[in-house]
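Reckoned from all heavy atoms, side chains included, excluding hydrogens, waters and symmetry mates.
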Amino acid sequence: MPELPEVEAAARRLRAAAVGRVIRAARTFHDAARRALPDRDAAQLAGRRVVGVRRLGKHQAIDLDDGSTLHAHFRMTGDWDVGRDDAPLPPHARVALSLDDGTRVALAGARVLDGVRGHAPGAAPEPRLGPDALDPARDGAALRAALRGRRAAVKPALLDQRVVAGGGNIYASEALWRAGIDPRTPAASLGPARVGRLADAVRAVLHDALDAPGRYQDGEALERLRVYDREGEPCVRCGAPVRRTVQAGRSTYYCARCQKR
DNA sequence: CGACTCCTGACA
DNA sequence: TGTCAGGAGTCG
């Protein structure tokens with residue numbers, strides 16, 4: 001499920017459910033989940049009050065009242081399930097936090113690449129991230145500075161979290177389509193005007209997704225995507241067939257006619 | 001830089 | 001049965 005809009009929506013649900021609540025118990029349900037959050041760390045969560053939930057790119061930081069932090073990441077398949085503590089666990093539940101008001105938040109993800117890990121006070125839980133994709137300060141000038149000196153094509157560069165924290169594979173294709181930029185263009189060769197358009201497009205596609213209900217595996221959300229997973233279909237802007245290529249091992253979709261180098 | 005890796009599920 | 005998937009840390 002998770003690109004930035006879905007992570008943002010999930011973080012809002014978690015925030016509404018958990019901030020101000022005290023964790024009664026934390027449980028893990030999979031070896032990989034215990035690797036990330038050993039029983040010892042999980043046990044220490046009991047009695048901690050949740051004081052805040054922050055989204056950092058596609059990462060989430062759950063701040064606790066002793067200054068420690070839980071760091072969550074959905075990777076490919078994670079999501080928060082919020083429900084009553086006595087309700088059945090969702091499929092693929094990996095970690096569950098029982099709260100003092102009888103609710104339970106569970107991290108569920110089929111591929112088990114997602115996880116929660118604990119961090120002591122003062123530890124820096126998050127990897128080095130660039131400016132957030134939705135941060136208005138991440139304008140064309142900032143993006144251009146981040147792309148300076150990069151030999152790589154612009155599309156894989158947009159997936160580098162140090163360039164765009166929260167960048168993801170689907171919306172990278174969508175933003176480049178909207179900006180009219182060929183995804184194979186060397187990142188550093190883009191001029192200020194085009195990078196400015198790209199910076200605007202990145203924010204625009206993410207805001208569109210945030211404002212619209214549903215996730216991109218739902219039909220309605222998929223229909224909003226202009227090029228992603230539309231190989232062979234006519235470009236909705238110019239009619240030329242959408243093409244698919246692979247960059248850095250990830251699918252890229254683009255229009256060869258109206259996206260220019 | 002790209003390649004590889006962690007897992008499971010969906011689909012051809 | 002084989003291939004692919006919305007991510008990203010690690011390695012060469």
Side-chain angles (χ1 to χ4, degrees), chain A residues 1-11 28-37 55-61 71-80 90-95 107-117 119 124-130 132-133 146-177 183-189 202 205-206 208-210 212 214-232 244-253:
Chain A
M1 100 168 238
E3 281 214 26
L4 185 143
E6 293 78 25
V7 176
E8 173 64 21
T28 51
F29 303 101
H30 191 284
D31 285 347
R34 270 185 288 278
R35 229 175 291 146
L37 187 70
R55 181 189 59 76
L56 305 146
K58 287 174 283 193
H59 302 256
Q60 294 168 82
H71 174 207
H73 200 295
F74 290 161
R75 298 285 188 123
M76 306 273 253
T77 57
D79 197 7
W80 291 116
H92 313 300
R94 308 305 177 194
V95 179
L107 176 62
R111 278 174 78 177
V112 206
L113 301 174
D114 51 337
V116 171
R117 63 184 65 234
H119 291 276
E126 303 85 23
R128 303 165 301 281
L129 296 174
D132 194 86
L147 295 178
R148 187 174 300 144
R150 289 196 161 248
R151 289 189 203 169
V154 61
K155 193 268 189 170
L158 290 178
L159 300 184
D160 186 331
Q161 301 299 298
R162 291 166 299 182
V163 175
V164 180
N169 198 46
I170 291 178
Y171 293 111
S173 280
E174 293 296 309
L176 287 162
W177 179 88
R184 299 163 297 180
T185 311
S189 75
V202 167
V205 296
L206 294 173
D208 282 358
L210 258 182
R215 303 171 187 162
Y216 49 71
Q217 65 265 61
D218 300 336
E220 192 184 331
L222 269 177
E223 284 171 29
R224 281 199 310 276
L225 301 177
R226 303 299 202 175
V227 286
Y228 186 83
D229 204 23
R230 291 188 181 280
E231 183 178 16
R244 174 183 181 273
T245 187
V246 173
Q247 296 178 287
R250 318 291 303 280
S251 292
T252 299
Y253 297 86

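Going from atom CG of L129(A) over to atom P of dG7(C) covers 14 Å, rounded to whole Å. Rounded to a whole Å, the OH atom of Y171(A) is 16 Å from the C1' atom of dA5(C). To the nearest angstrom, C1' of dA5(C) lies 15 Å from CD of E231(A). In this structure, M76(A) atom CE and dG9(C) atom P are separated by 14 Å, rounded to whole Å. Separating the CG atom of D114(A) from the P atom of dA8(C) is a distance of 12 Å, rounded to the nearest angstrom. Distance CG (L147(A)) to C1' (dC1(B)): 15 Å, rounded to an integer number of Å. In this structure, the CG atom of L225(A) is 15 Å from the C1' atom of dA5(C), given to the nearest Å. Put simply, CD1 on I170(A) is 16 Å from C1' on dA8(C), counting in whole angstrom units.
Closest of all the heavy-atom pairs between S189(A) and P186(A) is OG-O, 2.8 Å.
Counting only N and O atoms by type, the side chains of R111(A) and T77(A) include no donor and acceptor under 3.5 Å apart.
When each of G167(A) and G249(A) is assigned the nucleotide of DNA chain C bearing its nearest heavy atom, the one mapping closer to the 5' terminus is G249(A).
Ring geometry for H71(A) versus H119(A): interplanar angle of 30 to 60°, hence tilted.
For the atom pair NE2 of H92(A) and CG of D114(A), the computed distance is 10.5 Å after rounding to the nearest 0.5 Å. One distance of note links CG of D132(A) with CZ of R55(A); it measures 4.0 Å at 0.5 Å rounding. Remark: M76(A) CE to N169(A) CG distance equals 9.0 Å, nearest 0.5 Å. For the atom pair NZ of K58(A) and CD of E8(A), the computed distance is 14.0 Å after rounding to the nearest 0.5 Å.
Within the structure, the salt bridge (charged side-chain N to carboxylate O under 4.0 Å, His left out) test picks out no pair touching residues 164-175 of chain A (sequence neighbours left out).
For R244(A), a side-chain nitrogen or oxygen approaches OP1 or OP2 of dA5(C) to under 4.0 Å.
A donor-acceptor pair is defined here as one N or O able to donate and one able to accept, closer than 3.5 Å; such a pair exists between the side chain of S173(A) and the backbone of Y253(A).
Near DNA chain B, meaning a heavy atom under 4.0 Å from it, residues 151-161 of chain A has R151(A), A152(A) in order of number.
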Per-nt protein contacts along nucleotides 5-12 of chain B (heavy atom under 4.0 Å; B base, S backbone sugar-phosphate only, - none) come out as -BBBS---
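Legend: residues meeting side chain to side chain donor-acceptor pair (under 3.5 Å) with R150(A), ordered by chain and number and at least two apart, are D160(A). Under the side chain to side chain contact (heavy atoms under 4.5 Å, CB included) criterion, A172(A) pairs with K155(A), L158(A), L159(A), not counting sequence neighbours.
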Parsed dot-bracket for DNA chain C after applying the Watson-Crick and G-U rules with both distances under 3.5 Å and | for other-strand partners is |||||.||||||
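Closest approach to the S251(A) side chain among dA5(C), dC1(B), dG7(C) is made by dA5(C) (side chain taken as heavy atoms from C-beta onward).
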